[in-house]
Amino acid sequence: MSKYDFKKIENHWREEWDRQGLHATNDDPTRKKFFILDMFPYPSGNGLHVGHVEGYTATDIMARKRRMEGWSVLHPMGWDAFGLPAENYAIKTGTPPRQSTEGNIANFTRQLRTLGFSYDWSREINTSEPAYYRWTQWLFLFLYKKGLAYKKKSPVNWCGSCQTVLANEQVVQGECERCGSEVEQKNLTQWFLRVTEYADRLLDGLDGLDWPERIKAMQVNWIGRSEGINIHFALEGTNKTLSTYTTRCDTIHSVTFLVIAPEHPLVEELIEGTEQENEVRRVVAQIKKQTEIERTSDTGKDKIGAFTGRYAINPVSGERIPVWVANFVLMYGTGVVMADAHDRRDFEFARKYDLPLKFVISEDGQPTDATKAKEAFTDDGILFGSGQWDGRNNREALPEMTAWIEEYGWGTRTVNYHLRDWLVSRQRYWGAPIPILYCDKCGELPVPEDQLPVLLPEDVDFRPTGESPLARSVSFHDVKCPECGGPARRESDTMDTFVDSSWYFLRFCSPHEGEHPFSVHDVAHWAPVDLYVGGAEHAVLHLLYARFFTKVLYDHGLVSFDEPFLKLMNPGTVLGENSEKMSKSRGNVVNPDDVAAEYGVDALRLYEMFMGEFSDVKPWDTKGIKGVSRFLDKVWLTVHDVLHEPRPAADESLERLLHKTIRKVSEDIEAFKFNTAISALMIFINEWSSVNKTGDRETAGTFLKLLAPFAPFLAEELWRSLGNEQSIFLESWPKWDEDRCRDEVVTLIVQVDGKMRDRLIAAADTDNERLKAMALSSDAVRRAIGERSVVKIIIVAGRLVNVVTE
RNA sequence: GCCCGGAUGGUGGAAUGGUAUACACGGAGGACUUAAAAUCCUCUGGCCGCAAGGCCUUGCCGGUUCGAGUCCGGCUCCGGGUACCA
């Protein structure tokens, strides 16, 4: 328990700050602007967890410091309120999603206000409100009209438990990101956004961003750009060719068979009328029954396939090679691969089905025999059996071979991407309806803009059946075609919630704009986001989609920048006390409400920032909160001492330490090194409260300003008790004097051959000759030198003297 | 496999190439107290030594440097991401 009544202080200042409108956005155009944003939360039934608090405290500290430095700061909060959990909860309990979501938002709001975060609540947004999703729908239509939203039948990911399709980005190792059920493939007609059109720009744009390298790397990998060549193999006995995509055309002379994906449209044509027809059909059916996990399990024995009965001609060597169909080849690239002994997968498959294999690369260029090899040779080396290329290093020859193949017309250079178009339709209720109509006469039509929003009907049975719950709502579908006036039917799918969050940061600039999704003027003032803080789990989801949206809007002149988030920081995961991930089942979840009630909000905030480096994974330690709680008590007592026993003037050495502390705290906040900033505050208060140091009201005031962003309630309370009329947050951030950060007397270490032997105390301006003499006169130094002679003496100003011997 | 990180006391963690272990937790001892809690003070990397002092220590092996936790090369282990991507 604390020395002071934090509950009372917290409640008082929370009300007072609200009354004064202290956190209202100052949009004075003459000030420098700072848009600092947290990834807005999904308001779940569990409420805020300590991981949220970590990120939100960091941005709050930053925002408060920036305001005190005179910037105009936009620091808003809102709700990513559409989504599956509310709907699943509705299915279980019958509570409509809108109702449970409202309750959850009320709870989140209470928690965020309790924790003293300085959000401008007048700018709150909620993606599930018509005033917001009207513009999500508008933006969908915008993409549609620009040819970037389209409907297509294709194999898609289907989660049987959630009864909906999922985007590629939402499938994590073959499982549904949300519920963990196994994802199956279905052939369905769905809506897509043409992200692939922006693949190169999404890749190139990463260079200029101040983002963690690993997030950039994840996006690079996800986009998966590879440069290769499509090599065309003539099919024997037909006038058709099979195109294979490869990044390794240096192995062209070792190709001994082709493998085609079971989904490839040419498979039917290939096998029709062949002896193998039935066998191939049987194997293809078997593969299609495999789940994603079985299909992609990376072990040789799980590879299955069948000979199509067809042969192709290697255009380079003229060799006749069999064409197989197999599960390990996906409809990626051209859906056909040239197979050889230099690829592990091809090699394993060939061994299982006794297909021929040969090598064309070895370590030294001496021919090697693949028929006896135990495994594929995947290293680089020297080519053999490759005609004019023999004796060349395969990597070095690769570009020339590519050009050569292209020159002879055997292939075409191609760039491939792993990135697929973004599947955005969902067969669920709790989302923004896709604003499209279907008329028997006029076909597929966008809902006219003046008819937006397409409201979510409230009288719906939202239990999932595999088709959208909206499909069963009669009122929802009772519409007329805007073209011919005849009966029309609405699209009954809703949008992926990641569409909602792809533009919300723009909405924050003008949250009450009624005529447009956002005010171009306000967005020009505030955006892009200067500092964005949120979890790394969104690396290839939200962060990629928001970049895509921004680039589209940029291309059509709606915004003047093409990257939404200039700087990104990821809070590290907060683990449970046992260093395991926090989860209900492990029973190690820490509830911020409980901590705030027991130790106070300031202690909770301070502790979360003190645990360790912001972006590192770190375990919760309840004992650690006691430490910061003691620190706050000490601040309370020390400042109160100033009040009760006013002393004449501050101690000179304490003043010097204060300047160093201002510098340290200021620089550390900028660098997101909150743990060491707090450590500096602790060092200062320890020094101050030690018996022989005195500080005055000036000292106290400056110290409190440094503490204020971290522990706003205590700092404000003490600031006022020093006799100040207005809020500490309206004060200027303290400045340090570089001269006063310098000590007059310094302690230098004396080394002999780099080993510390003694230390000497000298005036800071002592010249080098004098320092050398002082060092050499030390007993410890003389002992260490012994009989050896001194070769040179290195002096690092203010730090050390190193005596180097022979 | 590939791509990112990381490895420092009993614990969480500090260290622009310059006193390794700041700050905090925990522990030991002491003060106050009838007692406990709270608070305050002292000590707290390892080994040798009565002491003075000495030696060792940032996952492992080398290198660069007057000087390396930090830079370079080669490993080991751990965490995260990702993958039959041809």
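Hydrogens, waters and symmetry mates are skipped; everything else that's a heavy atom, side chains included, is used. Letters A, B, ... mirror the listed sequences (proteins, then strands); counts begin at 1. Predicted model only: the values in this text are computed from it and were never measured.
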Report task. Look at all strands and tell whether A:Val791 reaches a base, only sugar-phosphate, or nothing, counting heavy atoms closer than 4.0 Å. Result -> nothing

Query raised in the report: Checking all strands, does A:Val804 fall into the base, sugar-phosphate, or nothing category for heavy-atom contacts under 4.0 angstrom?
Result: sugar-phosphate

Query raised in the report: From B:C23, B:A86, B:C66, pick the nucleotide closest to the side chain of A:Lys792?
Result: B:C66

Query - Side-chain donor/acceptor contact of A:Gln751 with base of B:G18 under 3.5 Å - result: yes

Query raised in the report: Among residues 605-612 of chain A, which residues get a heavy atom nearer than 4.0 Å to RNA chain B?
Result: A:Phe610, A:Met611

Query raised in the report: Should A:Lys755 be listed as having a side-chain N or O under 4.0 Å from OP1 or OP2 of B:C56?
Result: yes

Query raised in the report: Taking the side chain as C-beta and beyond, is there a heavy-atom pair between A:Phe233 and A:Thr241 under 4.5 Å?
Result: no

Report task. If the plane angle is over 60° it's perpendicular, under 30° parallel, otherwise tilted; pick one for A:Phe349 and A:Tyr353. Result -> tilted

Query raised in the report: Between the side chain of A:Arg586 and the main-chain N/O of A:Glu580, is any donor-acceptor distance below 3.5 Å?
Result: no

Query raised in the report: A:Tyr332 vs A:Tyr245 aromatic rings, parallel, tilted or perpendicular, using cut-offs 30° and 60°?
Result: perpendicular

Query raised in the report: When we call it a touch if two heavy atoms are under 4.0 Å apart, what does A:Arg757 touch: a base, just sugar-phosphate, or nothing?
Result: sugar-phosphate

**Report entry** Heavy-atom side-chain proximity of A:Tyr417 to A:Thr196 below 4.5 angstrom
**Finding:** no

Query raised in the report: Is A:Lys664 touching bases, backbone alone, or none of the nucleic acid, heavy atoms closer than 4.0 Å?
Result: nothing

Requested in this report: Can you tell me the distance, in whole Å, between the CZ atom of A:Arg351 and the P atom of B:C84?
Outcome: 24 Å

Query - Side-chain donor/acceptor of A:Lys303 to base of B:C84, under 3.5 Å - result: yes

Query raised in the report: Is there a side-chain contact between A:Trp222 and A:Leu544 (heavy atoms, below 4.5 Å)?
Result: yes

Query - Who pairs with B:C2 - Watson-Crick or G-U, where each distance is under 3.5 Å - result: B:G81

Query raised in the report: Would you say a side-chain N or O of A:Arg214 is under 4.0 Å from OP1 or OP2 of B:U82?
Result: no

Requested in this report: Look at A:Lys216 and B:G5 and indicate whether a side-chain polar atom (N or O) is within less than 4.0 Å of OP1 or OP2.
Outcome: no

**Report entry** Phosphate contact (B:A14 OP1 or OP2) by A:Asn675 side-chain N/O below 4.0 Å
**Finding:** yes

Requested in this report: For B:C66, take OP1 and OP2 only and decide whether either is under 4.0 Å from a side-chain N or O of A:Arg788.
Outcome: no

Query raised in the report: OP1 or OP2 of B:A24 less than 4.0 angstrom from a side-chain nitrogen or oxygen of A:Asn686, does that happen here?
Result: yes

**Report entry** Sugar-phosphate, base or nothing in reach of A:Ile794, heavy atoms under 4.0 Å
**Finding:** base

Requested in this report: Indicate yes or no for a side-chain donor-acceptor contact from A:His342 to the backbone of A:Ile361 under 3.5 Å, with no hydrogens or angles considered.
Outcome: yes

Query raised in the report: Any idea which of B:C3, B:G13, B:G18 is nearest the A:Ala217 side chain?
Result: B:C3

Query raised in the report: Of the nucleotides B:C84, B:A86, B:A24, which has the atom closest to the A:Met682 side chain?
Result: B:A24

Report summary line: Assert: residue with more 5' nearest nucleotide on RNA chain B, out of A:Val336 and A:Arg759, is A:Arg759

Report task. Compare the minimum distances between each of B:U19, B:C40, B:U39 and the side chain of A:Arg630, then state the nucleotide with the smallest one. Result -> B:U39

Report summary line: Between A:Asp621 and A:Lys673, whichever has its closest RNA chain B nucleotide further toward 5' is A:Lys673

Query raised in the report: Once the angle between the rings of A:His538 and A:His542 is folded into 0 to 90°, is it parallel (under 30°), tilted (30 to 60°) or perpendicular (over 60°)?
Result: perpendicular

